[in-house]
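Structure record follows, encoded as structure tokens.
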Amino acid sequence: MRRLLVALAAGALLATASACGSSGDSGASDSGSSSGTTTVKLGLIPIVDVAPVYLGQKRGFYDRHGLKLQISKASGGAAIVPGVAGGQFQFGFSNVTSLLIARTNGVPVKAVSNAIASTGVAGRDFAGVAVKKGSPIRSAKDLEGKKVAINTLKNINESAVRESVRKDGGDPDKVSFVELPFDQMPAALAAGQVDAACAVEPALATIKGQGGQVIASPLVDVAANTTVALYFTSARYQQQNADVVKRFQQATAESLAYADAHPDEARQIITTYTKIPASVLEQVILPKWPADPDRASIEALAKLGEKDGFFKKTPDVDALLP
């Protein structure tokens with residue numbers, strides 16, 4: 001959370017710089033070729049979730065809508081949010097809770113498209129709470145008094161795990177959450193440094209390959225079809241470039257639909273921008289990529305985050321969504 005707030009403050013400085021005449025962001029969004037193509041910068045995390053964008057590029061969906069994507073890779077949404085707010089990127093990818101936190105901290109981000117959703121199937125989701133082989137932990141309630149690894153404290157995965165514990169009759173305040181990058185979770189779990197890990201693919205497939213077991217599907221416990229992440233822009237960019245935003249929405253919707261209908265192609269494109277071994281990728285459970293966000297699940301995440309004290313004030317879901 002501290003890192004997010006620092007990043008948001010940096011974003012505010014970037015926004016000030018752009019307002020004072022920086023030519024970098026306007027040049028990226030307004031530049032075009034003789035064919036009328038607009039170049040836009042997109043901040044992404046190089047993970048399974050963003051496969052539709054790369055697939056859409058390959059299939060020419062963005063080209064057909066007059067867009068050329070300049071993709072910049074970031075380590076997480078905490079870097080992408082201020083980048084979009086300050087004009088470094090025109091569009092970005094981030095989870096729903098991070099975007100709600102940004103809005104309640106006065107950062108005017110605006111969702112423009114769905115990104116990923118839970119599969120909605122307990123035990124067969126791309127995210128899960130896993131324990132190592134032979135662990136006595138059998139359900140979410142058993143996490144009371146245990147050390148659980150999550151990638152970011154006071155964010156979407158903590159919200160979801162807390163809800164799993166509640167639904168199983170436990171007290172989430174008795175769980176000890178430890179911040180750990182996803183790719184370090186399999187080794188930490190195997191070494192006994194943590195009792196459980198809320199992992200996503202491909203870390204989840206690695207844990208299962210070590211004999212680990214999934215004891216809860218937290219995103220499924222949040223809602224039936226949880227919208228996990230969204231593509232977004234700044235309110236200022238949307239107001240000044242409504243046509244570009246519309247074209248990005250249309251091209252991304254086509255990309256999402258294509259990826260959802262062609263999982264084999266989605267798996268193949270993942271090998272072009274990640275270092276996931278092919279043997280692991282075969283075992284990875286892909287998320288769902290519906291074209292539209294599920295509003296009920298976003299409202300559920302907002303309520304859970306507020307219940308657990310993640311926000312400075314009640315988040316305005318209407319202000320975030322398209």
Side-chain angles (χ1 to χ4, degrees), residues 45-52 76-77 93-100 114-132 137 139-140 143 148-168 172 175 177-186 188-189 194-210 212-230 259-260 263 266-267 270 274 276 280-281 283-290 293-294 297-298 300-301 304-305 308 310:
I45 309 168
I47 52 178
V48 170
D49 310 25
V50 299
F93 168 96
S94 189
N95 76 68
V96 169
T97 302
S98 286
L99 293 175
L100 291 171
N114 193 33
I116 63 164
S118 161
T119 65
V121 181
R124 287 290 300 171
D125 197 18
F126 76 97
V129 177
V131 297
K132 69 178 182 180
I137 298 172
S139 70
L143 296 175
V148 180
I150 53 172
N151 68 313
T152 307
L153 295 173
K154 298 188 181 301
N155 210 290
I156 187 168
N157 287 316
E158 183 173 335
S159 271
V161 174
R162 282 177 168 272
E163 184 64 359
S164 290
V165 174
R166 286 190 193 98
K167 285 193 170 182
D168 199 38
V175 178
F177 290 101
V178 178
E179 190 168 281
L180 196 67
F182 289 127
D183 61 359
Q184 294 180 25
M185 289 181 184
L189 192 60
V194 294
D195 301 299
C198 180
V200 300
E201 299 290 12
L204 189 60
T206 301
I207 291 170
K208 289 190 286 188
Q210 297 171 345
Q213 299 291 319
V214 173
I215 56 100
S217 297
L219 294 174
V220 178
D221 287 333
V222 169
N225 299 290
T226 302
T227 293
V228 179
L230 299 162
D260 215 41
R267 285 183 195 277
I270 291 166
T274 74
I276 301 173
V280 174
L281 190 57
Q283 307 303 317
V284 164
I285 297 172
L286 296 176
K288 299 298 291 180
W289 289 301
D294 183 272
S297 69
I298 294 172
L301 284 169
L304 289 175
D308 291 318
F310 294 179

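Computed from a predicted structure; not experimentally measured. Computed over heavy atoms, backbone and side chain alike; hydrogens, waters and symmetry mates excluded.
- A donor-acceptor pair under 3.5 Å is absent between the side-chain atoms of W289 and the main chain of V50, judged by distance alone.
- Remark: A115 pairs with F93, A229, Y231 by the side-chain contact (heavy atoms from CB on, under 4.5 Å) rule, at least two apart or across chains.
- Annotation: side chain of N151 is not in contact with side chain of E179 (no heavy-atom distance under 4.5 Å).
- Among all heavy-atom pairs drawn from Q210 and P186, the shortest one is OE1-O, 3.5 Å.
- At distances below 3.5 Å, at least one donor-acceptor pair connects side-chain atoms of E201 with backbone N or O atoms of I285.
- D221 places no side-chain N or O within donor-acceptor distance of the main-chain N or O of E163, the cut-off being under 3.5 Å.
- Residues F177 and V161 have side chains in contact (heavy-atom distance under 4.5 Å, counting atoms from C-beta outward).
- Remark: the backbone N or O of T227 is paired with a side-chain donor or acceptor of S297 at under 3.5 angstrom.
- Annotation: side-chain contact (heavy atoms from CB on, under 4.5 Å) contacts of A160 (sequence neighbours excluded): P218, L219, V222.
- Distance check, rounded to the nearest 0.5 Å: CD1 of I45 to CG of N95 gives 8.0 Å.
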Using atom types as modelled, flag every donor-acceptor pair under 3.5 Å from a side chain in residues 116-131 to any protein atom, sequence neighbours excluded.
| residue | atom | partner | partner atom | Å |
| --- | --- | --- | --- | --- |
| S118 | OG | G120 | N | 2.9 |
| S118 | OG | D125 | OD1 | 3.4 |
| S118 | OG | D125 | OD2 | 3.1 |
| T119 | OG1 | V121 | N | 3.2 |
| T119 | OG1 | R124 | O | 2.9 |
| T119 | OG1 | D125 | OD1 | 3.2 |
| D125 | OD1 | T119 | N | 2.9 |

Residue pair K154, D308: steps toward the salt bridge (Lys or Arg N to Asp or Glu O under 4.0 Å) verdict: CA-CA 8 Å; K154 298 188 181 301; D308 291 318; over 6 Å; no

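- Within 6.0 Å of CD in Q213 there are 12 or fewer heavy atoms belonging to other residues, nucleotides or ligands.
- In terms of heavy atoms, A188 sits closest to L180 at CB-CD2, 3.5 Å.
- Residues V165 and P172 approach most closely at CG1-N, 3.7 Å, considering heavy atoms.
- Taking 4.5 Å as the limit, some side-chain heavy atom of R267 sits within range of a side-chain heavy atom of V284.
- The two residues N114 and P290 come nearest to each other via the heavy atoms ND2-O, 2.6 Å.
- Taking CD1 of I276 as the start and CG of L281 as the end, the distance is 5.5 Å to the nearest 0.5 Å.
- For the pair L153/E158, a side-chain contact is recorded, criterion being any heavy-atom separation below 4.5 Å from C-beta on.
- Across V48 and P287, no two heavy atoms sit closer than the pair CG1-CD, 3.9 Å.
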Check against side chain to side chain contact (heavy atoms under 4.5 Å, CB included), V148 and V178: CA-CA 6 Å; V148 180; V178 178; over 6 Å; no

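- Side chains of I137 and L143 form a contact here, defined as non-hydrogen atoms less than 4.5 Å apart.
- Contact annotation: the side chain of T152 never approaches that of N157 to less than 4.5 Å [non-hydrogen atoms, C-beta and beyond].
- For the atom pair CG (L100) and CG (L304), the distance works out to 11.0 Å, reported to the nearest 0.5 Å.
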R162/V175 under side chain to side chain contact (heavy atoms under 4.5 Å, CB included): CA gap, chis, key distance, verdict: CA-CA 8 Å; R162 282 177 168 272; V175 178; over 6 Å; no

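- If you run side-chain contact (heavy atoms from CB on, under 4.5 Å) between V228 and each of I156, D294, V200, only I156 comes through.
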